[in-house]
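Right, one structure below, let's go through it.
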Amino acid sequence: MVCTKCGPAYYMNTLFRDLAKRMAALSPVGIEQEIIYNFLFGALYALIQAERLHYPLQMENPSKSAQRKDEVRLMAAKLAEHGHLSEQDYEWSGGFYFNDALIRMAVCLEHLLRYRTGMRKHQKFAPLIKAAESEHGFNISEFAPNWKDCKDELDAIRHRNWDYGSGPKVSYSMALDMITRLFDAVDWAFKGNCRADS
């Protein structure tokens, strides 16, 4: 499928098109499902944009962070002068969307686990997963085998700038697997529109 409104011709990945169809078929009920649904779509949209902006081709560059500094300076100057940017002109944009997708996937998974377990306090990720597995049938190896990588990525973005200079450690192919499995997890969580405290 060619996107004619995405700048130069972009052929949407078949996986993304299939996930978008699944997204359109979901019918969230209530605020908690709606929040999960919106984060899931945000993650999908961000991965689509990352691919459209050729992010997968940039992943192998170990010195991206240093190079992006100069690009960001140029982008800031153009933004100040023109009030807008053409995203496809900058490699930074692909990384921006990829990081956004990782953050949204981690947040979506956490909301999903809290929704199904009914745990509303500041529990860490591991106890949420344990409760979802032991009390609600959540299969971590099926739905989120790379959850630790995704969560570690989020923690590095939030807390460990010294550990993030060369960008994410989650590969693009791992991110594609993660979003696909997250869709399966959302299907599981929304099944029967039920939750732990209903």
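These numbers come from a predicted model, not from an experiment.
Expressed to the nearest 0.5 Å, how far CG of Leu74 lies from CG of Leu79 amounts to 11.0 Å. In this structure, Met105 CE and Asp100 CG are separated by 10.0 Å, a value rounded to the nearest 0.5 Å. In this structure, CD1 in Ile36 is found 11.0 Å from CD in Glu110, a value given to the nearest 0.5 Å. One distance of note links OG of Ser93 with CD of Gln49; it measures 10.0 Å at 0.5 Å rounding.
Under the 30°/60° scheme for interplanar angles, the aromatic rings of His111 and Phe39 are found to lie parallel.
Between Asp187 and Leu26, some side-chain heavy-atom pair lies under the 4.5 Å cut-off. Using a 4.5 Å heavy-atom threshold, the side chains of Ile35 and Tyr115 count as separate. Counting heavy atoms from C-beta outward, Phe98 and Leu53 have side chains that stay 4.5 Å or more apart.
Here Asp18 pairs with nothing under the side chain to side chain donor-acceptor pair (under 3.5 Å) rule; sequence neighbours left out.
With hydrogens and angles ignored, the 3.5 Å screen pairs no side-chain donor or acceptor of Arg104 with any backbone N or O of Asn38. At distances below 3.5 Å, at least one donor-acceptor pair connects side-chain atoms of Tyr37 with backbone N or O atoms of Met23. Counting only distance, with no hydrogens or angles, the side chain of Glu71 and the backbone of Trp92 share a donor-acceptor pair below 3.5 Å.
Of the N and O atoms on the side chains of Glu51 and Tyr97, not one donor lies less than 3.5 Å from an acceptor on the other residue.
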Arg181 and Asp184: CA distance, side-chain angles, deciding distance, salt bridge (charged side-chain N to carboxylate O under 4.0 Å, His left out) verdict: CA-CA 5 Å; Arg181 290 174 186 264; Asp184 294 339; over 6 Å; no
Chi angles and distances behind the side chain to side chain contact (heavy atoms under 4.5 Å, CB included) call for Phe190, Val29: CA-CA 8 Å; Phe190 286 11; Val29 175; over 6 Å; no
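Listed here is the closest heavy atom pair of Tyr172 and Leu47: OH-O, 3.9 Å.
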